[in-house]
Every structure is written in C-alpha cells, then in structure tokens.
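Letters A, B, ... are given to chains in the order of the sequence lines, protein chains preceding strands, and every chain is numbered from 1.
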Number of protein chains: 2
Amino acid sequence: MELRHLRYFCVVAEELNLTRAAAKLHMAQPPLSRQIKHLEGEIGAELFERSARGLRLTPAGQLFHEHTLQILEKIDTTIAATQRLARSKRRIFGIGFVPSVFYGQLPLLVRELRQKDNVELMLAELTTVQQMKALKSGRIDMGFGRMRIDDPDVEQENLFDEPLMAALPEGHPLAETKPTLAQLAEYPLVLFPAQPRPSLADMTLGLFRRRGLKVTVAQEANELQTALALVASEIGITLVPEQVKRVRRDGIVYVYLADPGLTSPVICSRRKGEAPSPIMREANAILEVLVENRRSGRYP
Amino acid sequence: MELRHLRYFCVVAEELNLTRAAAKLHMAQPPLSRQIKHLEGEIGAELFERSARGLRLTPAGQLFHEHTLQILEKIDTTIAATQRLARSKRRIFGIGFVPSVFYGQLPLLVRELRQKDNVELMLAELTTVQQMKALKSGRIDMGFGRMRIDDPDVEQENLFDEPLMAALPEGHPLAETKPTLAQLAEYPLVLFPAQPRPSLADMTLGLFRRRGLKVTVAQEANELQTALALVASEIGITLVPEQVKRVRRDGIVYVYLADPGLTSPVICSRRKGEAPSPIMREANAILEVLVENRRSGRYP
DNA sequence: GCTCCATGATACCTCCAGGGTATGGCTCGG
DNA sequence: CCGAGCCATACCCTGGAGGTATCATGGAGC
C-alpha cells in the first residue's frame, strides 16, 4: 500500500463517484478504479458498495475514511514541522515518561522547557524498559519512570518516593479513614493500567500478595480517567500514586494508607558518562527546583 | 511522497547505515540512497548528515523519525481496525462534538454506546459549523455543539442551558464571592479556546463587550488543561461552562456569576427527516436519561 | 603519512506498475 | 425500449523504481 492509495481513496470517499473523483485528481477513471480495487484487495475488505449509480461507503469504508483523513493530516503537519525545525537552529530534546508521572510536575518541566527558544521538545509515552532502548538510540535524552533497571549505559536518579493512595468512591465506608491494605482487600479492585504490563498494576497486586491478602479484580482499565470513572461508579477501588490526587474528580476521594513504606519511586534516567548539553543543563536546573518543591510539599 | 519513502526512512534512521538498511529491506544500496535523497528533496530539508562512516540524524531528521513511526503505526492499526469491522456485522455511529461538551455527560453516552455489540463508535472533534457538513456527508450521525445554526437539512435540539462559571486561582479576591462580569473585567483574562474560532472565546469577549466592559487578554490557550494551568499560575482568569467544574484541579476554584442569563446552550444536531436507525434510537434513549439527570441536577 | 576499506554517491540499464485510451456491461429513468 | 451515466475490463505506453558496476571519500591502522 502506498500513500497514493490513501489520497485517491479520500477523494473517492468524498465524491462517491469514480468519474468525478478521477477528474478532481486530474487522471482518467479506469486507473483510479483499479487503484481502489487494489487497495481493497490489500486490506482484504470491501470499502465501497458499487452500484450502477455511483458508490457507497461500507461501514469498514467509513472507518477507514475517518482514519485516512487523520493520517494524511498528520503527514502534512509532520512535513511542516520538519521544515520549520530545519530552518530554525533548534535542537531536539526528547523526554520519555510513563503515564503515571504525567499527573505531577512533569507538565511544568515541559512548559518551562518549551519557553526556551533553542529547543524543540519531543514527548514520548514509553514504559521504563522501552526508555532504556530509547535513551541509547538517542530517541530520548531523559526518561521518567517508576522502576529501577540495571543497564551499564544508563544512570538512574531517584527523584523522590511517592506515597500510594487509595482512590475510593465518595461515601465509601473507608472514605474518611486511613485504611490498611488488609481493609482495602475486602473490596473489589479496579486494576490499572491494564495495558502495557508490567506496570503499577502488578506492583499493586504484588503488595497485596506479599501480605497474603487475596483480592478480587472487578475490572481492568487502561487509562486513569477510565479507572477513576469506574471507581466513581462504585465498581471498585484502586491504588494510585500521590501525584494523581491532583486530578480531582466528583465522586472520588483519595486517602492515605496506614501501612508504612507503601511508596512508588519516581526515577529519572539519563545516558551515562555523557557531557550534558546546554539543554540538558537547563532541564536539570528546572528539575532540581521541581523536586525540591515536591520534597518540601510546596506545590506551584 | 509515498509510504515507501517513510518505510525506508525508518529503517535507515534506525540502522544509520545505508548498506545495512538496504540489506534489511532486501534491496540494493544505491536505490535506497536515491530514495532517501528524493525524500529529503521533497521535504526540502536535510534529514541526515552524511559522513564516510555512516549517517547521523539531523534534529529535523529526529523529529521526522518520531512522527514517521507514529504514522506507520497508525496505518497498521487502521488497517487492522478496518478488517475487524468488515468481518463483524457492526454499523458505524459517528458523533461530532466541540471540546467543551466533552467534560460533561458525553463520555457517559459514549461509554453506554460502546457496550452495545452492534455498533462501532467513531468520535470526531469538530466545530459546530463543521458538524453541519459532517452530518450531511454521513461522516457523523449526531453532533454536539454550543451554537445554533440554520440549515435546512439539519434539525437542532436544545438539550439544556448551562450556566457559565468563572475559573479563578485559589485565594483570588473574588474566590468566595458570586461576582459580576463588571468585577471580573478588572482582572486579566486567559482566552480559551484560542484555536478554532469562532468559539467560546468569542462568546466570552462578546459578553463583556456588550456590557461596555473592557478586558485585557493576558494569554491565549488552546486546551482546557493549559487554560486551567495558566489560571492556577495566577496569569489570569477565564470563563468556562458549568460542566468544566467537574475537572477539578488544585489551585483552581469555580464560582457562579451574579449576572442573570449568562448561559451557554448544549445543542444536539441530527439529519432532518431521517428515520432513526436502531442505533440512533438507542442513543436517543440514553441521551434522554442523561439530559433528565442533568436538568434535575442528579450527576451519576 | 600512506594504505586499506567501509560507506555513500553516480552512471547507466532493465522492467514493471501506474496511467492512458477504447470499449463493454449494467442499471435506472423516462 | 432506449439512452444516459457509471463502473469494469482489455490493452498499450512510459516513467521511475530497483539492479549492477564503479567512483569518491575520509577515518582507522600501521
């Protein structure tokens, strides 16, 4: 499949008429007809219903059209962004992060760095393991995760340890308490994040298991917002890092846990033994302030 | 430009060696070399720095690589989704919405509809004006907006009127009051959303202007989260529809306004004179319950 | 400082696939 | 029943993608 097919498909999907579409594309109708068939063959699905009076999109065709528009749009913006960056003298600074650190001060680091006019920021949501590879390949320059991984080419710095909290529906029996894990184990759990494993979800399960507590998983969720919605709907409860409590939501209360030592670290990874670039130095300076604020409890 | 170029570029960007990349692509080195040059020519930017010992990505190349990976990934998932839909007997149901309605009950409608196993949901963020065209072309079947637009082929239903609220930084002099527009006009404004105009931003400005109030715009923001962050940083204040107050955030308080009649409607648009499909009937039923809850103040 | 070699660039050839033209066949409206 | 409108098929032609051979270059190693 080539972009040509997508471009043709879009025009045809809008015109619903091969002859007119061909005219719009400055080409004859038969080759267009063939290319569309070719596309359908490659995807292995009918995108159009043919009739003697023009075409109609099948449901699959509708879906494909919607996404194709987005793809073509993204290509255009990508080219434009690349050209802009090539003309400017900016350098790329890539930051990898696991989703759960993005509810805290990371957005502040991003906002500060975007101000600088010698740097183009590139953000990538990556698991801690993926971050190792991305660091080495130069795709990112700094990674934020929650796991310690031994790698000779990467140095890790423990920024701070973050307490875990329980997210409970409003009015829950434990809502005004400081519960123990044993107490929480009595209630069904919303496991989160379900998708890229291993993750916080496994850590959560491990915490219970190591204490010999049996938990029932009521539901899995991939995104924080979904998980919180499920908690608010009283489908279950879930454990989240403290940063998440900044995401307040009607129907949800966060409570600290009674068990000591239930924390999740936030770890910053960098390539080892590399002279810090000017941008890296700026990032480090900002980070230092943010970590200091975090440690002293001063939120901006 | 064709997908071929992107696929080649990705492999080269990973190998940073044309000979090896060519081998991986099961082709000879010279044509690959040429295609990459061709790509650079078309974009009008150097993506690689050549040396006798292999290649290196330029900043522009790095950016392009990052986005190219996403594009290729999206194409794969699009094809997979299209195939899946073609095999199933599901129908498409498209919903268009302006961002500001997505903080209310719309997610609930989406969640309920996703449960049904005869429907594949397609969401599209569109301005109210774009929704008209999308409805007529069949891209969406239902649109949610905040503006009344006369169109012979579209019928609009006013679901409810939503009060406007002011988002203020914590500790703001007006934070514990029910201020008037005149009082708010004393403080700088964060204009939101800045990008697709006309929008709520113009409505906000209009409200002040019609009362003969002069406002100073401190900053523009495209996304709600940014706007709220700016408010929390005491850069300015902003007006938001009531639904937004469900997005709570540290450092932000929402207050109702003293002026009467400061509301923003939520309007549902459908194609006129069309027999409702089974899915549309299900959507209408869910919508009715949600609107009733909204009107009676019962949030789920 | 010279040589070697890995690596990318250039030149030229081949051939296929994408586009063109001509035409058939189907369906719907009058 | 006929014609208009539309898509599909058949066949031809050419541009450009890919192949082979070879050159140019600069860093590593002696």
Side-chain angles (χ1 to χ4, degrees), chain A residues 1-58 60-62 64-65 68 72 75 86 137-138, chain B residues 1-62 64-65 68 72 75 79 86 137-138:
Chain A
M1 196 175 76
E2 290 295 338
L3 278 185
R4 180 172 7 99
H5 297 111
L6 301 188
R7 288 192 265 256
Y8 292 176
F9 172 79
C10 273
V11 176
V12 175
E14 263 156 52
E15 293 290 332
L16 293 178
N17 175 315
L18 280 178
T19 314
R20 269 205 311 278
K24 210 166 174 181
L25 288 163
H26 307 293
M27 67 190 285
Q29 169 260 317
L32 180 58
S33 182
R34 208 173 50 194
Q35 293 297 329
I36 296 293
K37 279 231 154 141
H38 201 85
L39 177 64
E40 290 182 318
E42 201 146 358
I43 291 180
E46 301 268 307
L47 300 175
F48 294 101
E49 281 169 28
R50 270 83 164 173
S51 77
R53 297 257 168 246
L55 310 175
R56 262 183 48 213
L57 278 168
T58 62
Q62 280 181 49
F64 193 72
H65 183 215
T68 301
L72 294 178
I75 289 175
S137 76
Chain B
M1 196 176 74
E2 291 295 337
L3 278 186
R4 181 173 5 103
H5 296 111
L6 301 188
R7 289 192 263 257
Y8 292 176
F9 172 80
C10 273
V11 176
V12 175
E14 263 155 52
E15 293 291 330
L16 293 178
N17 176 314
L18 278 179
T19 314
R20 267 206 312 280
K24 211 168 173 178
L25 288 163
H26 308 292
M27 66 190 285
Q29 170 261 317
L32 180 58
S33 182
R34 208 173 49 194
Q35 292 299 326
I36 295 293
K37 278 231 154 140
H38 199 86
L39 176 64
E40 290 182 317
E42 201 147 358
I43 291 179
E46 301 269 307
L47 301 175
F48 293 101
E49 280 169 28
R50 270 84 165 170
S51 79
R53 295 259 169 243
L55 310 175
R56 260 183 48 213
L57 278 168
T58 62
Q62 280 180 51
F64 192 71
H65 183 213
T68 300
L72 294 178
I75 289 175
I79 292 177
S137 76

TODO: Would you kindly give the CG-to-C1' distance between A:Leu39 and C:dG18, to the nearest whole Å?
DONE: 15 Å
Open item on the list: Do B:Tyr8 and B:Leu39 make a side-chain contact, defined as non-hydrogen atoms from C-beta onward lying under 4.5 Å apart?
Closed with: no
Task: Side-chain heavy atoms of B:Gln35 within contact of B:Val12, under 4.5 Å - done: no
- [ ] Could you check if a side-chain atom of A:Leu6 sits within less than 4.5 angstrom of a side-chain atom of A:Met1, using non-hydrogen atoms only?
- [x] yes
Open item on the list: What verdict does the side chain to side chain contact (heavy atoms under 4.5 Å, CB included) test give for B:Arg50 and B:Ile36, after you've listed the backbone C-alpha separation in whole Å, the side-chain angles of each residue and the deciding distance to 0.1 Å?
Closed with: CA-CA 12 Å; B:Arg50 270 84 165 170; B:Ile36 295 293; 3.9 Å; yes
Task: Spacing of A:Glu49 atom CD relative to C:dT27 atom P, expressed in whole Å - done: 15 Å
Open item on the list: Is there a side-chain contact between A:Leu55 and A:Glu15 in this structure, where contact means two heavy atoms from C-beta onward sitting under 4.5 Å apart?
Closed with: no
Task: Start and end of chain B contact along DNA chain D [non-hydrogen atoms, under 4.0 Å] - done: D:dA17 to D:dG27
Task: Distance-minimising heavy-atom pair for A:Leu47 and A:Glu40 - done: N-OE2, 2.8 Å
Open item on the list: Nearest heavy atom decides the nucleotide; on that basis, is B:Gly54 or A:Ser51 closer to the 5' end of DNA chain C?
Closed with: B:Gly54
Task: Under-4.0 Å salt bridge between A:Arg7 and A:Glu2 - done: no
Task: B:Phe9/B:Phe48 under ring-ring contact (aromatic ring centres under 6.0 Å, His included): CA gap, chis, key distance, verdict - done: CA-CA 10 Å; B:Phe9 172 80; B:Phe48 293 101; 5.4 Å; yes
- [ ] Starting at atom CG of B:Leu55, determine the distance to atom C1' of C:dT7, rounded to an integer number of angstrom.
- [x] 9 Å
- [ ] Starting from C1' on C:dG18, measure out to CE on A:Met1 and report it in whole angstrom.
- [x] 17 Å
Task: Contact list for DNA chain D against residues 17-37 of chain B - heavy-atom distance below 4.0 Å - done: B:His26, B:Met27, B:Ala28, B:Pro30, B:Pro31, B:Arg34, B:Gln35
Open item on the list: Under 4.0 Å, counting only non-hydrogen atoms across every strand here, what does A:Phe48 touch: a base, just sugar-phosphate, or nothing?
Closed with: nothing
Task: Interatomic distance where CZ belongs to A:Arg56 and P belongs to C:dT27 [whole Å] - done: 16 Å
